[in-house]
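Contents: one structure, followed by commentary.
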2 protein chains.
Amino acid sequence: MSQMLQIHDQLREMILSLDLGPGERLTERWLESRFEGSRTPIRAALVRLEGEELVRRDGRNWIVAPIDLGELEALAEFRIPLETTAVRLACARASEADIAGVEEMLDACQSGAPREEWHRVGTDFHVEIARLSGNPFIVKAIAGAMTRLSRARWLEVWTEPSREQAWREHRRVLGFIKANDPEAAAREAADHIKDTRDRLLRSLNEDRRGLRARGFAVVGLR
Amino acid sequence: MSQMLQIHDQLREMILSLDLGPGERLTERWLESRFEGSRTPIRAALVRLEGEELVRRDGRNWIVAPIDLGELEALAEFRIPLETTAVRLACARASEADIAGVEEMLDACQSGAPREEWHRVGTDFHVEIARLSGNPFIVKAIAGAMTRLSRARWLEVWTEPSREQAWREHRRVLGFIKANDPEAAAREAADHIKDTRDRLLRSLNEDRRGLRARGFAVVGLR
DNA sequence: AATGCCGATTTGGGATACCAGCGTTGTCCG
DNA sequence: CGGACAACGCTGGTATCCCAAATCGGCATT
């Protein structure tokens with residue numbers, strides 16, 4: 001694989017895992033030494049990441065995209081029509097095998113699993129459901145939305161019960177798809193998105209202090 | 001403005017206006033002489049355009065993204081839930097002034113207007129409506145979808161009546177938003193997207209021969 | 001005539017050199 | 001002691017250079 005893609009993936013991972021703080025400045029020269037490559041592939045990776053809105057320009061400088069908690073509502077508003085459409089289409093189009101694949105993914109994540117695993121599955125579930133719709137535009141839009149949500153979800157204080165509830169909601173959505181009940185699946189998906197949004201906002205609000213302490217600019221959270 | 005952005009915009013324009021044929025190969029060296037800049041900013045522009053899917057890699061080479069007419073259905077499927085949501089939100093949120101702005105845009109495009117004008121307004125209308133929703137994610141998604149549609153719309157053989165019908169449908173959508181009737185607006189928007197899709201597909205099918213003659217790979221059109 | 005092999009040429013990927021602009025810092029003068 | 005200004009250093013932007021690999025053509029062989 002080209003060096004540029006390696007750098008892109010590694011940098012992306014560092015950003016999404018909060019190894020690099022939101023808003024942190026990135027100099028091409030620092031990245032140069034960090035990844036032991038020259039500026040050419042690094043700049044390409046940065047331009048690419050800028051397209052994914054994980055990196056941004058601040059004047060002439062590069063910074064890690066800040067987390068704007070104010071967009072959480074808009075994000076849910078965006079996801080609801082798309083994901084309800086996705087599950088309806090999934091009912092019509094997904095094969096038993098496709099559905100079983102998603103089911104396995106959920107099964108593989110048991111209560112003892114590490115935090116990273118829950119985080120990943122919680123994201124991937126939605127993308128995989130979108131994939132069942134067979135519509136590549138829906139898939140890409142959902143994947144982008146989940147990427148945007150990803151870092152905020154790390155900030156959430158996860159309690160065992162809330163994790164369990166999310167897991168149950170995922171199960172229910174998938175169950176209705178399996179039972180070929182598109183309207184119930186759509187209702188369940190919409191409710192799940194709203195529930196998740198509310199849980200996230202509540203948690204972040206309660207933990208503002210903690211966030212600030214960890215150096216995150218809590219912008220736009222009402 | 002930086003040279004890279006200039007090159008990006010110019011190249012983008014050349015692609016969207018079909019100055020550069022879909023599938024055509026782009027060599028960095030040709031672009032270098034064409035835009036009288038060095039490869040560095042050109043490569044940045046290409047990476048950027050790759051993110052917008054207007055340019056693509058074919059092995060190690062760069063090519064102008066081919067037009068995949070097979071994605072027209074998926075595109076409509078994607079737009080319907082988003083645009084119906086957009087008009088519903090627009091009813092709730094758009095100010096009189098916002099709506100008047102869109103109305104002016106439609107008014108400015110009279111029957112004598114040049115082809116380019118109709119094309120642009122036909123695209124921008126949907127983006128502006130999305131903007132009335134106040135949801136930036138919806139705006140970006142619709143803008144991306146309309147970009148993807150843009151080149152196929154140049155290939156369409158426009159008849160006066162079909163242009164008139166599209167114009168009337170736009171009017172109707174806007175009228176229902178103005179009358180604050182979200183459900184009627186949503187219905188109208190969905191119908192309009194379907195109508196447009198059908199008109200486009202019918203025209204392209206009838207004109208396959210003409211397309212091939214003009215050198216376009218008519219991939220995936222059933 | 002078809003085919004396959006080899007080399008010249010061209011391509012993109014990466015590294016590096018150079019430049020212009022901005023900030024910062026440090027100094028000098030009031 | 002403070003403020004203004006100048007010099008320096010760091011930044012990203014651009015140009016250029018080198019390299020490996022892929023491509024294309026011509027030639028030899030079958």
Side-chain angles (χ1 to χ4, degrees), chain A residues 1-16 18-68 215 217 219, chain B residues 1-16 18-68 215 217 219:
Chain A
M1 184 174 34
S2 80
Q3 198 176 346
M4 172 242 142
L5 289 181
Q6 282 183 40
I7 294 173
H8 168 269
D9 290 349
Q10 285 183 42
L11 192 47
R12 186 175 201 278
E13 209 45 52
M14 289 171 71
I15 293 171
L16 288 179
L18 296 178
D19 269 0
L20 295 172
E24 184 169 333
R25 180 164 180 204
L26 297 172
T27 73
E28 296 182 356
R29 259 95 181 185
W30 179 79
L31 294 166
E32 194 173 7
S33 68
R34 174 67 181 71
F35 293 111
E36 292 170 6
S38 79
R39 287 170 63 205
T40 309
I42 282 166
R43 298 192 86 236
L46 285 170
V47 171
R48 206 158 214 262
L49 287 166
E50 190 187 17
E52 304 174 44
E53 296 185 85
L54 290 177
V55 134
R56 177 184 304 179
R57 327 218 51 144
D58 177 33
R60 258 179 14 147
N61 302 325
W62 294 102
I63 61 171
V64 176
I67 302 181
D68 180 358
V219 169
Chain B
M1 185 175 33
S2 80
Q3 198 176 346
M4 172 240 141
L5 288 182
Q6 282 183 39
I7 294 173
H8 169 269
D9 290 350
Q10 285 184 42
L11 192 47
R12 186 175 202 278
E13 210 43 54
M14 289 170 72
I15 293 171
L16 288 179
L18 295 177
D19 270 359
L20 295 171
E24 184 170 334
R25 180 167 180 201
L26 297 172
T27 72
E28 295 181 357
R29 260 102 182 179
W30 179 79
L31 294 166
E32 194 174 7
S33 68
R34 174 68 180 72
F35 293 110
E36 291 168 6
S38 78
R39 287 171 63 206
T40 310
I42 282 166
R43 289 172 65 180
L46 285 170
V47 172
R48 205 155 212 262
L49 287 166
E50 189 188 16
E52 305 174 43
E53 295 186 86
L54 290 177
V55 134
R56 178 183 302 178
R57 325 219 53 142
D58 176 34
R60 253 182 18 144
N61 302 326
W62 294 103
I63 60 172
V64 176
I67 301 181
D68 181 358
V219 169

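Going from atom CD of A/Q3 over to atom P of D/dC18 covers 19 Å, rounded to whole Å. One can place NE2 of B/H8 at 15 Å from P of D/dG13, the figure rounded to the nearest angstrom. Atom C1' of nucleotide D/dT23 and atom CH2 of B/W62 are separated by 19 Å, given to the nearest angstrom. Per the geometry, CH2 belonging to A/W30 stands 13 Å off P belonging to D/dT11, to the nearest Å. Atom P of nucleotide C/dT10 and atom CG of B/L26 are separated by 19 Å, given to the nearest angstrom. The interatomic distance linking A/E28 (CD) with C/dG14 (P) rounds to 15 Å, in whole Å. In this structure, CD of A/Q6 is placed 14 Å from P of C/dG13, rounded to the nearest angstrom. Atom CG in A/N61 sits about 16 Å away from atom P in C/dG21, given to the nearest Å.
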Dump the intermediate steps for side-chain contact (heavy atoms from CB on, under 4.5 Å) on A/R48 and A/R12, then the final yes or no. CA-CA 10 Å; A/R48 206 158 214 262; A/R12 186 175 201 278; over 6 Å; no
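Of the listed residues (A/E24, A/M14, A/E13), just one forms a side-chain contact (heavy atoms from CB on, under 4.5 Å) with A/D19, and that residue is A/M14.
The cationic group of A/R25 does not satisfy the cation-pi geometry with A/W62, failing either the under 6.0 Å distance to the six-membered ring centre or the 45° limit from the ring axis.
The heavy-atom pair separating B/E28 from B/L46 by the smallest distance is CG-CD1, 4.0 Å. What you find for A/L54 and A/I15 is that their closest heavy atoms are O-CD1, 3.7 Å.
Between the side chain of A/R29 and the base of D/dG12, at least one donor-acceptor pair of N or O atoms lies under 3.5 Å.
Residues from residues 33-48 of chain B placing a heavy atom under 4.0 Å of any atom in DNA chain D, listed by number, are B/G37, B/S38, B/R39, B/T40, B/P41.
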